[in-house]
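Keep in mind that the numbers below use all heavy atoms, side chains included, and drop hydrogens, waters and symmetry copies. Predicted, not measured: the structure shown is a model, and the values here were computed from it.
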Amino acid sequence: MLSRKNKLLVMKIISLFSVVRGYNIPVIVLAQYLSAIFILAPENTRALDVILDINLFILVLVSSFCIASGYIINNFYDAQKDLINRPNKSMLDRLVSQKTKLYVYFGLNFLAVFLAYFVSWRVSIFYSAYIFLIWFYSHKLKKYPIIGNLTASILAIFPFFGILLYFFKGQYEEYDWQKIGIIFGHASFLFLLILIREMVKDLENMKGDFVSDYKTIPVVYGESISKKVITALTLLTILPVYILVDVYEVGYMVIYFYICLMLLIFFLLKLWKSNTREEFLKLHNLLKFIIVAGVFCIVLIEPAVLWHGKKILLAINFC
């Protein structure tokens with residue numbers, strides 16, 4: 001049996017894990033590696049070469065530290081609002097003091113900038129800017145309608161820009177416009193999904209936002225206007241899906257996009273019937289499912305890569 005002191009230590013670790021959204025970080029890491037292997041890497045590049053790329057590993061690690069620290073500073077500024085919107089999670093998060101959270105926040109940011117310098121000083125500046133933008137968003141921008149949602153969505157896909165710049169700056173002798181089109185299509189679709197999710201979160205958290213004086217779209221313009229904007233953004237997702245399915249080649253991932261469109265139609269039907277926090281939470285979770293499923297479905301672009309990698313591993317084992 002654990003002593004009371006050890007139990008408290010375990011609870012504090014769980015609390016810190018909750019604060020940094022530790023369950024999200026592995027998904028983000030996987031998304032970056034799959035994007036690098038199946039979308040960003042030059043043609044004929046082995047998946048194993050991408051996985052063993054030390055600079056890419058540092059970039060992914062640095063972005064993970066930045067995202068974790070971003071969750072901490074966001075939690076720090078949202079403490080009052082979360083007491084209303086997420087009382088159970090808020091009580092768990094409060095097991096770790098604000099002082100400890102700030103220590104971990106600055107520690108993660110220092111490690112991120114320090115490690116990024118091993119790739120290049122430009123990368124270090126790039127992620128320093130990312131850290132600053134996350135802080136500025138949490139401190140100021142998220143309290144304002146539209147600009148707060150847009151900034152949150154941009155920050156969510158910002159780490160992918162770092163990997164994009166790494167591949168295009170260091171490994172392409174000339175631009176591959178077809179690949180750029182595919183990247184733009186995927187980025188646009190992901191950006192729109194995240195933006196829609198952010199706006200659904202505003203509907204879900206409207207009570208806490210109102211009390212904390214957050215000027216979100218539902219608080220300032222009303223629930224109906226917010227739903228109309230969400231509907232317009234959802235219809236806009238048809239454009240990147242068309243680009244990816246009909247203009248460029250994305251392999252079997254077309255199945256994912258067709259299913260997405262059907263789920264988004266269902267999402268819109270439910271959106272206009274939803275009025276309670278619980279109903280908006282279900283819609284939020286549906287969007288999270290679509291985004292996470294998209295991460296795993298990246299492999300459908302070229303499933304043969306997995307089979308080729310399996311053959312290499314089997315050959316190594318037999319040797």
Does Leu264 reach the side chain of Ile238, with side-chain heavy atoms less than 4.5 Å apart? no

Kindly work out whether a path of hydrophobic side-chain contacts (I/L/V/M/F/W/Y, heavy atoms less than 4.5 Å apart) joins Tyr242 to Leu263. yes

I need the Tyr103 OH to Gln98 CD distance, nearest 0.5 Å. 13.5 Å

Report yes or no: do Leu192 and Ile265 belong to one cluster of Ile/Leu/Val/Met/Phe/Trp/Tyr joined by side chain heavy-atom distances under 4.5 Å? no

Heavy-atom distance under 4.5 Å between the side chains of Leu287 and Phe267, does that happen here? yes

Do Ser226 and Val229 come within less than 4.5 Å of each other through their side chains, counting heavy atoms only? no

Show, in sequence, the C-alpha distance, side-chain angles and deciding distance for Trp272 and Thr231, and conclude whether the side chain to side chain contact (heavy atoms under 4.5 Å, CB included) test is met. CA-CA 9 Å; Trp272 285 96; Thr231 300; 3.0 Å; yes

Calculate, to the nearest 0.5 Å, the distance between atoms CD and CG belonging to Gln32 and Leu61 respectively. 10.0 Å

Do Phe118 and Phe114 have ring centres separated by under 6.0 Å? yes

Quick one, Arg197 with His284, criterion side chain to side chain contact (heavy atoms under 4.5 Å, CB included). Give me CA distance, side-chain angles, the key distance, then yes/no. CA-CA 6 Å; Arg197 192 194 68 171; His284 177 199; 3.3 Å; yes

Working to the nearest 0.5 angstrom, can you tell me the gap between Met253 CE and Ile39 CD1? 6.5 Å

For the residue pair Val219 and Tyr214, establish whether any side-chain heavy-atom pair is separated by less than 4.5 Å. no

Taking atom NE2 of His186 and atom CG of Leu40, what is their separation to the nearest 0.5 Å? 9.5 Å

I'd like to know if the side chain of Ser35 and the backbone of Ala31 have a donor-acceptor N/O pair within less than 3.5 Å. yes

Could you tell me which non-hydrogen atom of Ala112 sits nearest to which non-hydrogen atom of Val62, and how far apart they are? O-CG2, 3.4 Å

Determine whether more than 12 heavy atoms belonging to other residues, nucleotides or ligands lie under 6.0 Å from atom CD1 of Ile147. no

Exceeds 12 heavy-atom contacts within 6.0 angstrom, atom OH of Tyr77: yes

Quick check against the 3.5 Å criterion: does Lys101 have a side-chain atom that pairs as donor or acceptor with the backbone of Phe76? no

Is Lys201 salt-bridged to Glu198, cutoff N-O under 4.0 Å? yes

Check against side chain to side chain contact (heavy atoms under 4.5 Å, CB included), Phe191 and Ile154: CA-CA 7 Å; Phe191 173 78; Ile154 291 169; 3.7 Å; yes

Nearest atoms (heavy-atom pairs only) where Ile163 meets Ala36: CG2-CB, 4.3 Å

Side-chain heavy atoms nearer than 4.5 Å, only ILVMFWY residues, links allowed to pass through others: does that put Met199 and Ile225 together? yes

When hydrophobic residues are tied together by side-chain contacts of less than 4.5 Å, even through go-betweens, does Leu150 share a cluster with Leu233? yes

Are side-chain heavy atoms of Ile67 and Leu155 found at a separation under 4.5 Å? no

Should Lys282 and Glu278 count as an ion pair when the cut-off is N to O under 4.0 Å? no

Under 3.5 Å, is there a donor-acceptor pair between the Tyr137 and Asn74 side chains? no

Using a 3.5 Å distance criterion without hydrogens, assess whether the side chain of Tyr127 forms a donor-acceptor pair with backbone atoms of Tyr117. no

Is Ser188 reaching over with its side chain to a backbone N or O of Phe184, donor-acceptor style, under 3.5 angstrom? yes

Is a side-chain donor or acceptor of Asn205 paired with a backbone partner of Gly208 at a separation under 3.5 angstrom? no

Any link between Trp135 and Tyr71 through a network of hydrophobic side chains (Ile, Leu, Val, Met, Phe, Trp, Tyr) touching at under 4.5 Å? yes

Mind checking whether Ile73 and Leu102 have side chains closer than 4.5 Å, heavy atoms only? yes

How about Phe126 and Phe161: are their ring centres within less than 6.0 Å of each other? no

How many angstroms lie between CD1 in Ile290 and OH in Tyr256, if you round to the nearest 0.5 Å? 6.5 Å

Relative to each other, are the rings of Tyr130 and Phe158 parallel, tilted or perpendicular (30° and 60° limits)? parallel

Audit row: Leu115, Phe65, side chain to side chain contact (heavy atoms under 4.5 Å, CB included) steps and yes/no: CA-CA 10 Å; Leu115 290 171; Phe65 286 163; 3.7 Å; yes

Looking at Lys142, is its backbone amide N or carbonyl O close enough to the side chain of Lys215 to form a donor-acceptor pair, meaning the two atoms are under 3.5 Å apart? no

Is there a donor-acceptor pair closer than 3.5 Å between any side-chain N or O of Thr216 and the backbone N or O of Asp202? no

